Structure formats: C-alpha cells, structure tokens
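Notes follow the structure.
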Amino acid sequence: MVRIINLGAAQMGPIARDEGRAQVVERLIAHLREAKRRGCDLVVFPELTLTTFFPRWWLEDEAELEAFYETEMPGPQTRPLFDEARRLGLGFCLGYAELIPGDETRRKCRFNTAVLVGAEGEILGKYRKIHLPGHAEHEPQRAFQHLEKRYFEPGDLGFRVFRGFGGLIGMCICNDRRWPETYRVMGLQGVEMVLLGYNTPSRHPLTPDHDAPSWHHNTLSMQAGAYQNGTWVVGVAKGGIEEGVHHIAGSQIIAPSGETVAQAATEGDELITAACDLDLGRSYKAHIFDFARHREPRHYALITALKGAVTPEEGARIEAAAQAAREAAE
Ligand code: CDT
C-alpha cells in the first residue's frame with residue numbers, strides 16, 4: 001500500500017502587533033482552502049502562528065503579555081479554523097503560545113506549543129518547545145529582544161511521535177530544529193515526518209557573523225535531521241519584516257534523502273506542497289541508519305550525562321565511570 005501524505009506548508013508573512021486573531025485566522029483559512037484546492041491532506045503552519053513574534057519585546061504588563069497566549073485550543077477565536085478544516089477534511093499543525101492559568105493543583109505555566117489536528121478536528125498530538133533560545137532579562141543593548149526564556153518554560157511533553165495520516169508524525173518548534181537530539185529522539189521512535197514552524201530573525205544582534213550564513217544554517221539543520229533519521233522534515237516560516245525585524249522565510253519540504261523537494265519563493269503568505277511518500281524513509285532506516293545494527297549507545301554517555309561541554313579530561317572521566325557502572329551491572 002502506498003502511503004502518501006499530500007502536504008501543504010503554509011508559510012505566513014508578517015503579522016502586525018495590532019492584527020487581531022480573527023484577521024489571522026482568516027489568513028489561515030485562505031491557506032486551508034488553497035490547500036484543499038491543491039489536494040492536500042495536512043497543512044503545517046508556523047511557530048506562534050496566531051500573533052506577532054512577541055518575545056522581541058520586553059513586556060512588563062502581565063495582562064498585555066498574556067493577551068498573546070491561548071488558554072484553550074480550540075478557543076472561541078480559533079474555532080472557525082478548526083471548523084473549516086473539518087469541513088474541508090484537512091488536518092493541520094498549528095503553533096501557538098499556550099497559557100495554563102493554574103489553580104490549587106497546578107501553578108501557572110506558559111509554553112510555546114504546537115498541536116497536530118486530524119481531519120475530524122481531533123487533537124492527535126501536542127508538543128511544547130523544549131529548546132528555548134534567547135534570554136530571560138531585559139538586554140537594552142540589543143536592537144531587539146529574544147525573551148523566550150522569560151515568556152516560556154521548557155516543554156514538559158518530550159519529543160513524542162504520534163500516529164496519524166497513515167504514518168508516524170513528530171513535531172518540534174523553531175530552535176529545536178538546530179539540535180540533532182531533537183530528531184534522533186523521534187528517529188528512535190521511527191518517525192516518518194517531522195513538522196516544525198519557525199520565526200528566525202535574519203540579524204543576530206550579539207553574533208553578527210551568523211547573519212550571512214543564517215539561511216544556510218536553517219537548511220543544513222533540517223536536511224541533516226531528515227537524512228540522519230530517514231524522515232521527512234517540513235519547516236514552515238513566518239517570514240518578512242515584522243514590526244521592523246526581518247525574519248528569514250524559505251519554508252521547505254525535505255525528503256528523507258535530505259533533499260529539499262519544495263521551497264517557498266517569497267517572504268509572504270505562500271503555500272508550498274508536495275506528495276510525500278512516507279516509505280521513502282525505509283531504505284535509510286534499513287541500511288545506512290539501521291539504528292539497531294549500527295548505533296553504539298555505550299559510547300554516547302556524555303550526551304545524556306552532561307548539559308554543557310567539559311574538558312577532555314572530565315569527559316574521559318565521565319565516560320570511564322559510565323563504562324565501570326555498565327561492567328558492574330553486567
Ligand atoms: N523562535 C526561535 O526559536 N528562533 C531562534 C532564533 C535564535 S536567535 C536567539 C532560531 O533558532 O531560529
């Protein structure tokens with residue numbers, strides 16, 4: 001049986017600070033209708049799709065900040081998106097800022113979240129961004145802020161893989177795509193398609209030498225994740241100049257070979273599509289990246305033992321301790 005997902009990557013152009021949810025949802029619905037016209041089954045939207053990328057601002061007023069978050073999904077303002085997708089028989093993946101208000105049993109939490117929604121409107125899976133870039137305090141020397149470490153907590157759901165659309169689907173969000181661990185944890189669960197949205201400024205205030213290769217780093221990370229795990233990777237941007245800050249666009253659909261098969265040409269609202277054969281990953285998973293035959297996890301102890309880099313001497317000590325512990329257990 002051929003397993004093909006007709007996929008739409010729904011790139012968004014800038015979203016203004018005063019653009020209401022209703023206006024944004026109209027833009028998303030336009031994407032859905034175009035996707036239906038082009039035969040899609042599943043549409044992927046960017047990170048924090050419903051608002052401007054608010055972590056660029058230092059916001060002291062809690063009410064002003066929390067207006068950027070959703071407390072339910074779907075909620076009254078996103079219900080029309082869910083209804084239209086169900087009417088069209090389309091699934092979608094949507095990134096948004098999630099607020100859990102907190103009560104006697106749980107403290108308030110804020111996450112950078114994505115949901116995978118099936119063609120019947122059911123939530124098939126949820127992911128909360130794990131690698132949060134940027135900083136937590138106001139840094140006025142920067143041309144713009146990147147306050148994800150202040151406005152979100154690291155996700156608490158892990159890198160799970162969900163059954164849907166005839167395959168095994170994983171999600172991650174923006175900065176996660178730069179970390180090989182993201183893909184490998186999903187690869188170890190047989191992932192066949194990774195969906196991700198991004199908001200990536202093209203200027204890096206503290207590391208201007210990263211500006212020129214910014215586009216290369218984006219592509220390199222996603223293509224490597226695809227190839228090394230034999231999976232499709234779908235990267236969807238919110239691009240263009242948003243509130244004075246330029247973001248890279250270039251949304252891509254990448255095959256398990258690591259080759260890009262579709263790429264956005266503009267920095268605005270643009271749908272790119274591809275018929276994604278999930279079985280294209282099989283030859284990678286069965287041969288060069290047959291994990292069960294070729295991985296050597298006993299030599300990877302440092303990856304889970306450490307958060308930051310250490311000296312070679314300390315690294316050797318930790319490796320040796322891990323080996324001794326293994327031998328003692330055998
Ligand atoms: N949204 C997001 O994660 N953006 C980051 C920018 C990093 S620069 C602080 C990214 O990795 O694209």
Side-chain angles (χ1 to χ4, degrees), residues 9-15 17 44-59 65 68-69 93-98 110-114 127-155 157 159 170-183 194-226 233-252 254 263-264 267:
Q11 177 174 289
M12 298 290 288
I15 296 177
R17 187 170 186 164
V44 185
F45 295 114
E47 173 191 37
L48 301 177
T49 312
L50 298 168
T51 66
T52 196
F53 188 73
F54 61 91
R56 74 169 63 89
W57 294 303
W58 172 254
L59 299 169
L65 172 64
F68 288 108
Y69 294 76
C93 175
L94 179 75
Y96 63 99
E98 178 187 18
R110 299 188 291 221
F111 296 107
N112 187 340
T113 297
Y127 170 72
R128 292 176 174 147
K129 184 174 183 178
I130 288 175
H131 299 102
L132 296 174
H135 49 109
E137 299 305 326
H138 192 204
E139 296 186 6
Q141 74 279 15
R142 290 174 180 250
F144 51 89
Q145 306 294 299
H146 197 110
L147 287 157
E148 287 198 61
K149 284 202 188 296
R150 185 174 195 87
Y151 297 154
F152 301 114
E153 297 182 36
L157 300 176
F159 293 108
M171 291 177 278
C172 66
I173 298 177
C174 195
N175 190 262
D176 287 321
R177 75 194 187 287
R178 303 185 192 275
W179 299 88
E181 296 87 346
T182 296
Y183 303 96
V194 175
L195 311 177
L196 71 97
Y198 57 90
N199 284 267
T200 297
S202 57
R203 283 185 52 223
H204 303 81
L206 302 186
T207 52
D209 54 319
H210 297 194
D211 292 358
S214 186
W215 168 250
H216 172 65
H217 294 159
N218 175 52
T219 303
L220 176 71
S221 305
M222 296 193 294
Q223 290 185 337
V233 172
V234 182
V236 185
K238 174 137 63 66
I241 301 174
E242 188 179 81
E243 299 289 339
V245 177
H246 181 256
H247 292 234
I248 64 167
S251 302
Q252 295 181 46
I254 300 164
Q263 185 170 314
E267 294 193 335

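Counting starts at 1 for both ligands and their atoms, following the listed order. In this text the structure is predicted, and so the values were computed from the model without any measurement. We use all heavy atoms of the structure for the numbers below, so side chains are in, but hydrogens, waters and symmetry mates are not.
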Just let me know how R142 lines up against ligand 1, side chain, backbone, both or neither, with a heavy-atom cut-off below 4.0 Å. neither
I need the atoms of ligand 1 closer than 4.0 Å to a non-hydrogen atom of F53, numbered in the order shown. 1 (N)
Protein heavy atom at shortest distance from atom 10 (C) of ligand 1: R178 NH2, 3.3 Å
Option nearest atom 12 (O) of ligand 1 (shortest heavy-atom distance, choices L132, I248, T200): T200
For E148, take its heavy atoms, then give the atoms of ligand 1 lying under 4.0 Å from any of them. 1 (N), 2 (C), 3 (O)
How close does the nearest protein non-hydrogen atom get to atom 6 (C) of ligand 1, and which residue and atom is it? H146 CE1, 3.7 Å
So does R203 have more than 12 non-hydrogen atoms from other groups sitting under 6.0 Å from CZ? no
So which bit of Y198 gets within less than 4.0 Å of ligand 1, heavy atoms only: side chain, backbone, both or neither? neither
Against T200, only a single residue in H247, H217, R177 fulfils side chain to side chain donor-acceptor pair (under 3.5 Å); can you say which? R177
Please state which option from I173, N175, N199, D176 has its nearest heavy atom closest to atom 4 (N) of ligand 1. N199
Any pair with a residue in residues 233-243 that passes salt bridge (Lys or Arg N to Asp or Glu O under 4.0 Å), sequence neighbours left out, goes on the list, sorted by first then second residue, please. R56-E242, K238-E242
Looking only at protein heavy atoms, what sits closest to atom 3 (O) of ligand 1 is K129 NZ, 2.7 Å
Whether E137 and R150 form a salt bridge (side-chain N of Lys/Arg under 4.0 Å from carboxylate O of Asp/Glu) is what I want to check. yes
Kindly assign one of parallel, tilted or perpendicular to the pair Y127 and F159, based on the angle between their ring planes and the thresholds 30° and 60°. parallel
Check the pair Y96, F45 against ring pair (Phe, Tyr, Trp, His ring centres under 6.0 Å), reporting the backbone distance first and the verdict last. CA-CA 10 Å; Y96 63 99; F45 295 114; over 10 Å; no
Nearest non-hydrogen contact to atom 5 (C) of ligand 1 from the set P46, S202, C174, G95 belongs to C174
min-distance protein heavy atom vs atom 7 (C) of ligand 1 -> P133 CB, 4.1 Å
Would you please name every residue forming a side chain to side chain donor-acceptor pair (under 3.5 Å) with T113, sequence neighbours left out? E98
